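Notes to accompany the following structure.
Letters A, B, ... mirror the listed sequences (proteins, then strands); counts begin at 1. The model shown is predicted, which means the values in this text are computed figures rather than measured ones.
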Protein chains: 2
Amino acid sequence: MSTKERSGCPISLSLELIGDRWTLLIIRDLAFAGKRHFRELLQSDEGISSRTLAERLQTLVDEGVLTRSDDPTHRLKAIYRLTEAGIDLLPILATLGAWGSKYRKADKDLARVAKELAAGGEPALERMKKSLSKEHLG
Amino acid sequence: MSTKERSGCPISLSLELIGDRWTLLIIRDLAFAGKRHFRELLQSDEGISSRTLAERLQTLVDEGVLTRSDDPTHRLKAIYRLTEAGIDLLPILATLGAWGSKYRKADKDLARVAKELAAGGEPALERMKKSLSKEHLG
DNA sequence: GAAATTGGTTCCGTTTTAAAAGCAATTTAC
DNA sequence: GTAAATTGCTTTTAAAACGGAACCAATTTC
């Protein structure tokens with residue numbers, strides 16, 4: 001993930017940060033699966049390597065999409081949370097999920113969930129954003 | 001771009017195909033810039049290499065997101081067009097554009113365009129989809 | 001006190017990517 | 001009619017990204 005920007009196009013700038021095979025899966029697990037710790041995020045079905053996970057988390061923190069804080073109940077644990085910018089990635093996850101449900105061979109149950117979120121339109125997204133704000137921003 | 005699927009998650013499946021730094025920029029240029037030919041697509045501000053462009057176009061055709069056809073007016077030219085699946089990527093482009101406009105240092109004018117499309121909501125997207133259908137599906 | 005758990009780091013081999021040059025077929029300019 | 005330009009790629013070479021496995025010190029659990 002290089003840092004040199006290629007153009008001022010908003011789509012391009014987004015892709016420079018989240019345009020890869022892993023970043024949005026990390027966000028997905030923070031948003032939908034309630035994961036907060038490194039070892040939890042390591043356990044995704046897709047099997048991210050610890051090296052890649054560590055690097056992505058670092059960049060996401062640096063770029064203001066996540067925060068990293070100490071777990072008060074366990075000194076070795078770090079807590080990763082979404083920032084407002086991270087929560088605002090939700091519409092992207094939703095549209096990706098809707099497209100994948102429609103055009104790829106997706107798991108039935110997960111496809112249904114994705115379609116429901118998409119069918120709910122902006123109101124459903126706003127509700128979920130608010131819920132995420134409570135969980136992640138406190 | 002490996003072909004082995006990592007999970008049945010719709011988001012993950014979408015990212016396997018379009019989760020990289022280039023694919024959605026190609027779609028963007030087909031959808032917003034009216035580009036149709038290889039050399040036109042090569043001229044993006046971001047400077048994709050001809051090797052990467054060729055490989056991406058091939059997979060997108062294979063996966064049913066684009067079509068490739070001969071240009072009747074010029075034997076050396078090929079015409080790339082969006083399929084229905086390609087046109088349905090528009091909401092993803094729109095949300096990516098909106099996020100980039102809000103959280104990255106985007107060009108002012110392009111940010112305005114992106115925000116307008118997002119502000120128009122689903123009706124604006126549907127209108128643009130119909131317009132793209134006319135242009136690409138004929 | 002030994003074993004397990006924590007968030008990573010290090011190493012190494014493979015895959016992906018960028019940059020540049022090249023190419024045969026065709027079209028355009030003169 | 002011929003030389004130059006244009007077409008969609010392919011080839012080559014080198015650099016960067018990535019995956020897998022092992023490893024680590026600090027801490028927590030048993």
Side-chain angles (χ1 to χ4, degrees), chain A residues 1-7 12 15-26 29-30 33-63 65-81, chain B residues 1-7 12 15-26 29-30 33-63 65-81:
Chain A
M1 188 126 347
S2 78
T3 46
K4 70 155 182 261
E5 66 187 46
R6 302 177 295 181
S7 84
S12 178
L15 290 174
E16 277 173 41
L17 179 59
I18 62 173
D20 73 275
R21 271 176 220 68
W22 291 114
T23 300
L24 286 176
L25 295 182
I26 298 173
D29 286 348
L30 288 165
K35 298 183 183 177
R36 295 290 181 277
H37 307 297
F38 192 91
R39 297 266 173 174
E40 285 179 327
L41 292 165
L42 212 47
Q43 295 306 314
S44 67
D45 280 346
E46 291 87 7
I48 189 172
S49 76
S50 62
R51 191 187 173 290
T52 304
L53 177 59
E55 192 224 300
R56 288 295 184 285
L57 288 173
Q58 182 67 58
T59 357
L60 289 173
V61 168
D62 290 347
E63 298 293 333
V65 174
L66 304 181
T67 58
R68 193 205 120 113
S69 55
D70 294 338
D71 187 330
T73 77
H74 193 304
R75 284 193 199 231
L76 285 178
K77 284 185 177 173
I79 303 179
Y80 288 97
R81 289 193 185 87
Chain B
M1 189 127 346
S2 78
T3 46
K4 71 156 182 262
E5 65 188 45
R6 301 179 297 182
S7 85
S12 179
L15 291 174
E16 276 173 43
L17 180 59
I18 63 173
D20 73 273
R21 272 174 221 67
W22 292 113
T23 300
L24 287 175
L25 295 182
I26 297 172
D29 286 348
L30 288 166
K35 298 182 182 177
R36 294 293 180 274
H37 306 297
F38 192 92
R39 297 266 172 173
E40 285 178 328
L41 292 164
L42 211 49
Q43 295 305 315
S44 67
D45 281 347
E46 292 87 8
I48 190 172
S49 76
S50 62
R51 191 190 172 291
T52 303
L53 177 58
E55 192 224 56
R56 288 296 184 283
L57 288 173
Q58 182 66 60
T59 15
L60 288 173
V61 169
D62 290 347
E63 298 294 332
V65 175
L66 304 182
T67 58
R68 193 204 119 113
S69 54
D70 294 339
D71 187 329
T73 75
H74 192 305
R75 285 192 195 230
L76 285 179
K77 283 185 178 174
I79 304 180
Y80 289 96
R81 288 192 185 88

Within this structure, what is the [atom1]-to-[atom2] distance between [X] and [N], rounded to whole angstrom?
X	N	atom1	atom2	answer
B:D71	D:dT7	CG	C1'	11 Å
B:D20	C:dT17	CG	P	7 Å
B:R36	D:dG8	CZ	P	13 Å
B:I79	D:dT7	CD1	C1'	13 Å
B:L25	C:dT17	CG	P	13 Å
B:E55	D:dT11	CD	P	14 Å
A:Q58	D:dC18	CD	P	15 Å
B:R21	C:dT17	CZ	C1'	10 Å

**OP:** For D:dC18, take OP1 and OP2 only and decide whether either is under 4.0 Å from a side-chain N or O of A:R56.
**Re:** yes

Original post:
OP1, OP2 of C:dG8 versus side-chain N and O of A:R68: anything below 4.0 Å?
Top reply: yes

Original post:
Which heavy-atom pair separates A:T23 from A:L17 by the least distance, and what is that distance?
Top reply: OG1-O, 3.9 Å

Original post:
Of all the nucleotides listed (D:dG19, C:dA18, C:dG8), which has the minimum atom distance to the side chain of A:R51?
Top reply: D:dG19

**OP:** Return the nearest nucleotide to the side chain of A:K77; candidates are C:dG8, C:dT17, C:dG7.
**Re:** C:dG7

Donor-acceptor check, side chain of [X] to backbone of [Y], threshold 3.5 angstrom: yes or no?
X	Y	value
A:R81	A:R68	no
B:H37	B:I79	no
B:T59	B:E55	yes

Original post:
Does the pair A:R56/A:D20 count as a salt bridge with the N-to-O cut at 4.0 Å?
Top reply: yes

**OP:** Would you check if A:L25 and A:I48 make a side-chain contact, meaning some heavy-atom pair closer than 4.5 Å?
**Re:** no

Original post:
Under 4.5 Å between any side-chain heavy atoms of B:L53 and B:W22, yes or no?
Top reply: no

Original post:
For nucleotides 25-30 of chain C, read 5' to 3', which letter fits each nucleotide if B means a protein heavy atom sits under 4.0 Å from the base, S means only the sugar-phosphate is that close, and - means neither?
Top reply: BBS---

**OP:** Nearest-nucleotide wise, let me know which of B:A78 and A:S50 is further upstream toward the 5' end of DNA chain D.
**Re:** B:A78

Subject >> Residue closer to the 5' end of DNA chain D, A:W22 versus A:R39 (nearest nucleotide) >> reply: A:W22

Original post:
Is any side-chain N or O of B:T52 under 3.5 Å from a base N or O of C:dT16, one able to act as donor and the other as acceptor?
Top reply: no

